[in-house]
Trainee: 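This is the structure, below, for whatever I ask next.
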2 protein chains.
Amino acid sequence: MKYLIAEDEKDLQKSIATYLSQDANICETASDYHEASEKLELYDYEIVILDINLITGSGLDLLKKLKQQHKKAGVIIISANNSLEDKLQGLDLGADDYITKPFHLAELNSRIKAVLRRGQFGGDDSIYFHEIKLDTLARSAYVNDMPIALTRKEYDLLLFFITNQGRVLSKAIIAEHLWGDDSDLLDNFDFIYVHINNLRKKLTNEGAKYIQTAYGSGYKFIAD
Amino acid sequence: MKYLIAEDEKDLQKSIATYLSQDANICETASDYHEASEKLELYDYEIVILDINLITGSGLDLLKKLKQQHKKAGVIIISANNSLEDKLQGLDLGADDYITKPFHLAELNSRIKAVLRRGQFGGDDSIYFHEIKLDTLARSAYVNDMPIALTRKEYDLLLFFITNQGRVLSKAIIAEHLWGDDSDLLDNFDFIYVHINNLRKKLTNEGAKYIQTAYGSGYKFIAD
DNA sequence: TGGATTCTTAAGTTATTCTAAAGTATAGCT
DNA sequence: AGCTATACTTTAGAATAACTTAAGAATCCA
């Protein structure tokens, strides 16, 4: 999962990022309105944690923009003051949940989990694609109900493919999503070949091929 | 958003229209097969609410037609009886969701929202030119719904042609666009002939020629 | 520390892109 | 109209860039 943490209090930002990175998530951060706005426009996130009171602009504006762009990220609002109005307005604008400062990281985490559960995947913890099933809670995969042992990166890659099925994903996009933009790997995408190869080997189901090469542009996930 | 409500029960039609108009949507209505068919042909809608059991014809036929015309409206089927077959057939034909009479308007509304969310409407993913369709996300091309395997350059070239249809494009312009101005190929455009040739071969559809030579000045993309 | 995972490297394979060359059409000129 | 220079078409194959795959090194994590 890829998160954006839009929060201007540096230490809070950092502690959230550290906490959420624990279970293999990619956390990117934005420290002001402008940075957040830019990142939201450029990249896709599964979860956006959005402080309403950014110094340089309103988080609500960002939320509005996000929804206008039809991005389907789950949004959790952080509000400093206890202003009910802010929260309500946030929820109206399409935020999925809110949390009030100060809060425990564990609570934030469980709210995130809840949003993910409710969210894009129709309240189901499983995602299906033909013979493939992903259990998003256990981070485990099945082909024809037979469990497939995937490593973390393989699971993330498969999830990314399935949630973007049919679409050509360039190596750059894949790298961006699985490794984040601050990674120092991103000048050489060759290692992606390796992950593609490994995932292909594990997915191959009676000769069915899911990951199709779009020569020169990337890969796309289809049902043969 | 613009909706079409194809429903012959006048009072239901009206209450749906009233309800959906609440948040600034345009609702048009059709009370029989013929009217619905005509409106679907003439206009574009984001959402079509389609009663399967129209008195004067089958909603499934309408759905079929709609999909043949490559209209990308989201379709929600209303079925009176609980016939599972109707629903399944509807979904097979490309409906996005269904709802069974009687239903609460709020439920219809939330299904519409879900369809809109899933479908990313407004994010125009396909480009059409007569028999040709380009799926810009999948970077794939179709002629009369038959997939055409294109290489990267061929796809880029076709996309460039379609988005500049009718205009004469010089080899310099094409090269500039497909290869960028920093390329060292740009003192000799001969290789463009090859790409044009390859693309022509792949596009030729029952003798129809799309790429017309403008002798001495370039090429122009037209519908025969 | 030891085992699993992830990344690096490199050799082998394939698809695509470009070059070259021979044939065909077009426009302009006398 | 006929000739010529130039522009375009087409094909085949060479060169290149992109991908696959395997094996080993580095890293991470329990």
Side-chain angles (χ1 to χ4, degrees), chain A residues 18 21-26 139-141 147-158 160-161 168-180 182-204 207 209-221, chain B residues 139-141 148-158 160-161 168-180 182-204 207 209-221:
Chain A
T18 309
S21 300
Q22 278 171 11
D23 34 43
N25 298 302
I26 307 296
R139 291 178 60 89
S140 55
I148 304 293
L150 296 181
T151 68
R152 227 180 9 230
K153 286 292 177 210
E154 286 160 8
Y155 176 86
D156 286 342
L157 184 56
L158 179 56
F160 189 48
F161 268 128
V168 170
L169 301 170
S170 68
K171 287 202 278 352
I173 294 282
I174 292 172
E176 196 347 89
H177 195 87
L178 264 74
W179 283 268
D182 50 349
S183 167
D184 55 348
L185 295 168
L186 299 190
D187 47 344
N188 173 17
F189 297 136
D190 286 355
F191 60 92
I192 290 183
Y193 291 134
V194 178
H195 291 289
I196 295 276
N197 188 235
N198 292 338
L199 186 55
R200 270 182 173 154
K201 272 193 265 183
K202 294 190 181 177
L203 280 188
T204 303
K209 297 228 188 297
Y210 298 102
I211 302 174
Q212 194 180 68
T213 306
Y215 201 102
S217 0
Y219 293 92
K220 91 184 134 170
F221 203 76
Chain B
R139 289 181 62 91
S140 52
I148 305 294
L150 297 180
T151 68
R152 183 158 63 109
K153 286 286 180 226
E154 286 160 7
Y155 176 88
D156 288 343
L157 184 56
L158 178 55
F160 188 51
F161 269 129
V168 171
L169 302 170
S170 69
K171 286 203 264 35
I173 295 280
I174 292 172
E176 161 62 40
H177 191 261
L178 263 75
W179 283 267
D182 51 346
S183 167
D184 54 348
L185 296 167
L186 299 190
D187 45 343
N188 172 16
F189 297 138
D190 286 356
F191 59 92
I192 290 182
Y193 293 134
V194 178
H195 290 290
I196 295 277
N197 187 238
N198 292 338
L199 185 55
R200 270 181 173 154
K201 271 193 266 183
K202 293 189 181 179
L203 279 188
T204 303
K209 297 232 190 294
Y210 299 101
I211 302 173
Q212 196 179 66
T213 306
Y215 198 100
S217 34
Y219 295 93
K220 166 162 83 160
F221 203 75

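Chain naming here is simple, since letters A, B, ... match the order of the sequence lines and numbering starts at 1 in each. Values in this document were obtained by computation on a predicted structure and should not be read as measured data.
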Trainee: Side-chain N or O of T213(A) versus OP1/OP2 of dA15(C): is the shortest distance under 4.0 Å?
Mentor: no
Trainee: Just jot down the side-chain contact (heavy atoms from CB on, under 4.5 Å) partners of Y215(B), sequence neighbours excluded, or say none.
Mentor: none
Trainee: Checking K220(B) now: which residues fulfil side-chain contact (heavy atoms from CB on, under 4.5 Å) with it, not counting sequence neighbours?
Mentor: V168(B), Q212(B), I222(B)
Trainee: Just report the end-to-end axis angle for the helix from dT1(C)-dA30(D) to dT30(C)-dA1(D), five pairs per end, to 10 degrees.
Mentor: 40°
Trainee: Round to a whole Å and report the spacing from CG of N197(B) to P of dA21(C).
Mentor: 18 Å
Trainee: Which heavy atom in K153(A) sits nearest to a heavy atom in L178(A), and how many Å separate them?
Mentor: NZ-O, 3.2 Å
Trainee: Calculate the interatomic distance between I26(A) atom CD1 and dT6(C) atom C1'; express it in whole Å.
Mentor: 13 Å
Trainee: Could you state the atom-to-atom distance from CG of N198(A) to C1' of dT6(C) in whole Å?
Mentor: 9 Å
Trainee: Reckon Y155(A) touches a base, only the sugar-phosphate, or nothing at all at heavy-atom distances under 4.0 Å?
Mentor: nothing
Trainee: How long is the line joining CD1 of I174(B) and P of dC18(C), in whole Å?
Mentor: 13 Å
Trainee: Not counting sequence neighbours, which residues clear side-chain hydrogen bond (donor to acceptor under 3.5 Å, both in side chains) with S217(A)? List them please.
Mentor: R139(B)
Trainee: CZ/F189(B) to CD1/I173(B) distance, rounded to the nearest 0.5 angstrom?
Mentor: 9.5 Å
Trainee: Going by the rule ring pair (Phe, Tyr, Trp, His ring centres under 6.0 Å), which residues pair with F221(A) if we only count those two or more places apart in sequence or in a different chain?
Mentor: F129(A), F161(A), Y210(A)
Trainee: The criterion is side-chain contact (heavy atoms from CB on, under 4.5 Å); which residues satisfy it with N198(B), sequence neighbours excluded?
Mentor: E154(B), V194(B), K201(B)
Trainee: Would one find a side-chain N or O of H195(A) under 4.0 angstrom from OP1 or OP2 of dC7(C)?
Mentor: yes
Trainee: Distance check needed: dC7(C) P versus F189(A) CZ, whole Å only.
Mentor: 13 Å
Trainee: Listing time: all N or O pairs from protein to nucleotides 22-25 of chain C that are below 3.5 Å?
Mentor:
none

Trainee: Contact boundaries of DNA chain D with chain B (under 4.0 Å, heavy atoms), 5' to 3'?
Mentor: dT6(D) to dT11(D)
Trainee: Got a second to check how far L199(B)'s CG is from L150(B)'s CG, nearest 0.5 Å?
Mentor: 6.5 Å
Trainee: OP1, OP2 of dC18(C) versus side-chain N and O of W179(B): anything below 4.0 Å?
Mentor: yes
Trainee: Partners of R200(B) by side-chain hydrogen bond (donor to acceptor under 3.5 Å, both in side chains), sequence neighbours excluded?
Mentor: T213(B)
Trainee: Nearest whole Å is fine: how far is dT5(C) C1' from F191(A) CZ?
Mentor: 14 Å
Trainee: Within this structure, what is the CG-to-P distance between D156(A) and dT5(C), rounded to whole angstrom?
Mentor: 13 Å
Trainee: Whole angstrom is fine here: how far is it from CG in L178(A) over to C1' in dC7(C)?
Mentor: 14 Å
Trainee: Run the ring pair (Phe, Tyr, Trp, His ring centres under 6.0 Å) test against F160(B) and tell me which residues pass, sequence neighbours left out.
Mentor: H177(B)
Trainee: Once rounded to the nearest 0.5 Å, what's the spacing between atom CD1 of I174(B) and atom CG of D156(B)?
Mentor: 12.5 Å
Trainee: So, does K202(A) use its side chain to make a donor-acceptor pair with the main chain of A149(A) at under 3.5 Å?
Mentor: yes
